[in-house]
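Values below: every heavy atom of this structure, side chains too, minus hydrogens, waters and symmetry copies.
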Amino acid sequence: EEEEEEEQTTTTTTVEMSDLKTKTTASKSFAREFSTSAFADNTSAVRRKMSAAVSVSSSSQEDRVDSEAFEQPQHRQTHSFNAVKVVILVGGPQDDTIFRPLSLRTPPPLFPVASVPLIMHHIRAAARVKNVKDIVILGQYSKRLFKDVVMKASRETGVNVSYFQEYERLGTAGGMYHFRDVMMHKHNPDVYVVMHGNICCDFPINDLLAFHGVKDGAKASILGIKASKVSANNFGVFVVDSETKAVEHYVEKPKTYINNTINGGLYVCSPSVFDIIQKCHTDRNDFDAFVSFEQNVFPELLNSSSSSMFVYECNVFWTQVKSAASAVYANRYYLQLQRKYEEETSSQLVDGGVASKDKQCDVSKHKILPDGVPLLAKQEEECATIVGDVSIHPTAQIHPTAKLGPNVSIGPFCIIDEGVRVRDSILLSGAKIKKNACVLNSIVGWDSVIGEWARVEGAKVGADPNNPATNIQQKTLFNKEGKLEPNITVLGEGVSVDDGVLVLNTLVLPHNDIKRSQKNEIIL
């Protein structure tokens, strides 16, 4: 009965490597799907040509991002585990309120960041890890929402990707325990990697696995990130032995300052952690299935043994993607990672050509790598002016007089008219920017229209290169006086902005017509 119930409540898609060639033709019809990014290793150039985002860059000094703001660590360690299972925790609809109005259309894990769903960055990082047997996504969202992403991820990475739907709130550890038969026995993993789905970082999974493997008696190893004193209390905080790196004390979101080493949302757990989760269930003597790593499992590990939980401290870029502003920030970082990848693999160039068509930049044909990954483009005479890192979907229409970048992602079927300026922004599928309009530090929703000479602008989202903890800070919507803080501007789905209108630091809910200028407002 338990096996039948799990079969009804899960969606599991397994794609064999031998089937990749037969699925090539079918994948071309996915014109409106999210585009794939530049980290895939097992997909063909023909299949990826219409779905890959086009990243372009120029050497212009104008509007360039300070590269020192994002440190690029070198991960060289390797682990000795034979079978690794990766679990990605995506939560449920109850976690989406801070992401509105964008979450009214799509769950945050599926929101396009650097032209692909946010969770695809997790999947690609996990698929690159040695001896990963399968990747499991746990969440309360409908399995229908994740069906396409699971299929595409399996096909692209060659790793079995599955989605397991929780029909009640089970917590960060309760979901793993609920599906423990599949977790423990399928592929017989000897270690588990647990990833929170709302984080953005370089994912040093190999390093964390190697660190966990050399710690005798380790049941859990956690990625530790340095935060500022101001923001540390918003996360779980560790007190760590400076020599052994064993956890001496852990508090989830303390009221007073304890330490600045915070929980990075990336764990490596031994199979014995299931015994700890079971003990958390039985000790409470109730029927509540909710079990949290942070609130239940970690304190239990500290009580049972002082040397079973360790922290791997790593100075990498790290932030949470909980709000629209953080999505723009993550978009900047992932575009930079994509550029770095393309520079490393540029010797494998395949000529896809660059053309101009009907006075629009035709980006459907572009220089690509053999696996279909777009290569950085040179500035073409008949195409738009490109500054820094820009990702353009092949179906988008860009007028050659437009100026884009840095840090811009343009989704499928977007239309950019003449004289348009776009910077530090995300344009979602079907958005249209009319003549001479300006979009800065904003997110333009699906099928939204910005009129001629209109200006949509938000507060700049940036990092201080002299403060490594600045990327962790999250801007709040309201200050202590209850006033709306300057933030990025977000237009929901189907929003229309009239000609010549200024929209500044404003959140606009779906299907609104903005006929006059707005500043520091929430338009319901």
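For the pair L118 and P108, the minimum side-chain heavy-atom distance is 4.5 Å or more. Using a 4.5 Å heavy-atom threshold, the side chains of C414 and Q397 count as separate. Side-chain atoms of K403 and V387, non-hydrogen and from C-beta on, do get closer than 4.5 Å to each other. Looking at I137 and I123, their side chains come closer than 4.5 Å, going by heavy atoms from C-beta outward. Using a 4.5 Å heavy-atom threshold, the side chains of L110 and F146 count as touching. Looking at heavy atoms from C-beta onward, R105 lies out of side-chain contact with L428 at the 4.5 angstrom threshold. Looking only at side-chain heavy atoms (C-beta outward), S517 and V501 come within less than 4.5 Å of each other. Within the 4.5 Å cutoff, the side chain of L440 has heavy atoms near those of the R423 side chain.
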Check the pair M195, I205 against side chain to side chain contact (heavy atoms under 4.5 Å, CB included), reporting the backbone distance first and the verdict last. CA-CA 10 Å; M195 309 171 71; I205 303 175; 4.0 Å; yes

Could you walk me through whether I392 and L404 pass side chain to side chain contact (heavy atoms under 4.5 Å, CB included), step by step? CA-CA 10 Å; I392 307 174; L404 310 175; 4.1 Å; yes

Check step by step if side chain to side chain contact (heavy atoms under 4.5 Å, CB included) holds for Q338 and D389. CA-CA 9 Å; Q338 181 170 334; D389 302 321; over 6 Å; no

Between V129 and V193, is the side chain to side chain contact (heavy atoms under 4.5 Å, CB included) condition met? List the steps. CA-CA 10 Å; V129 175; V193 176; 6.0 Å; no

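Contact between D499 and G451 at its shortest, heavy atoms only, is OD1-CA, 3.2 Å. Counting all heavy atoms, side chain and backbone alike, P412 lies closest to T395 at CA-OG1, 3.3 Å. Among all heavy-atom pairs drawn from V503 and V497, the shortest one is CG2-CG1, 4.1 Å. The heavy-atom pair separating I514 from I523 by the smallest distance is CD1-CG2, 4.1 Å. Nearest heavy-atom pair, V150 versus V161, reported as atom, atom and distance to 0.1 Å: CG1-O, 3.2 Å. The heavy-atom pair separating A402 from D417 by the smallest distance is CB-O, 4.0 Å.
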Under 3.5 Å, side-chain donor or acceptor atoms of residues 87-98 against the rest of the protein: list the pairs with distances, not counting sequence neighbours.
from: Q94; atom 1: NE2; to: Q140; atom 2: OE1; distance (Å): 2.8
from: D95; atom 1: OD2; to: G92; atom 2: N; distance (Å): 3.1
from: D96; atom 1: OD1; to: Y141; atom 2: OH; distance (Å): 2.6
from: D96; atom 1: OD2; to: Y141; atom 2: OH; distance (Å): 3.2

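Between the CD atom in E452 and the NZ atom in K434 there is a gap of 6.5 Å [rounded to 0.5 Å]. Taken from OG in S448 to CG in L427, the straight-line distance is 9.5 Å, to the nearest 0.5 Å. In this structure, CD1 on I426 lies 11.5 Å from CG on N441, to the nearest 0.5 angstrom. Between W446 atom CH2 and L491 atom CG the span is 11.5 Å, to the nearest 0.5 Å. How far CG of N487 is from CG of L507: 7.0 Å, rounded to the nearest 0.5 Å. Here T106 contributes atom OG1 and F111 contributes atom CZ; the two are 8.5 Å apart, rounded to the nearest 0.5 Å.
Under the 3.5 Å distance criterion, the side-chain polar atoms of S142 are matched with a main-chain donor or acceptor of R144. Between the side chain of R100 and the backbone N or O of S323, no donor-acceptor pair lies under 3.5 Å. H121 places no side-chain N or O within 3.5 Å of a backbone atom of A114 that could act as its donor or acceptor partner. A donor-acceptor pair is defined here as one N or O able to donate and one able to accept, closer than 3.5 Å; no such pair exists between the side chain of S425 and the backbone of I443. Side chain of S115 to main chain of I410: no donor-acceptor pair is present (N/O by atom type, distance under 3.5 Å, no hydrogens or angles). Between the N505 side chain and the A459 main chain, a donor and an acceptor come within less than 3.5 Å of each other. Between the side chain of S326 and the backbone N or O of A324 there is no donor-acceptor pair closer than 3.5 Å. Under a 3.5 Å cut-off, the side chain of T489 and the backbone N or O of T506 do form a donor-acceptor pair.
Checked against salt bridge (Lys or Arg N to Asp or Glu O under 4.0 Å), E418 has the following partners two or more places apart in sequence or in another chain: K435. Applying the side chain to side chain donor-acceptor pair (under 3.5 Å) test to E294 and every residue at least two apart in sequence or in another chain returns T172, H196, Y267, S292.
Side-chain atoms of K226 and T261 form a donor-acceptor pair, as typed in the model, at a separation below 3.5 Å.
Ring geometry for F235 versus W318: interplanar angle over 60°, hence perpendicular rather than tilted (30 to 60°).
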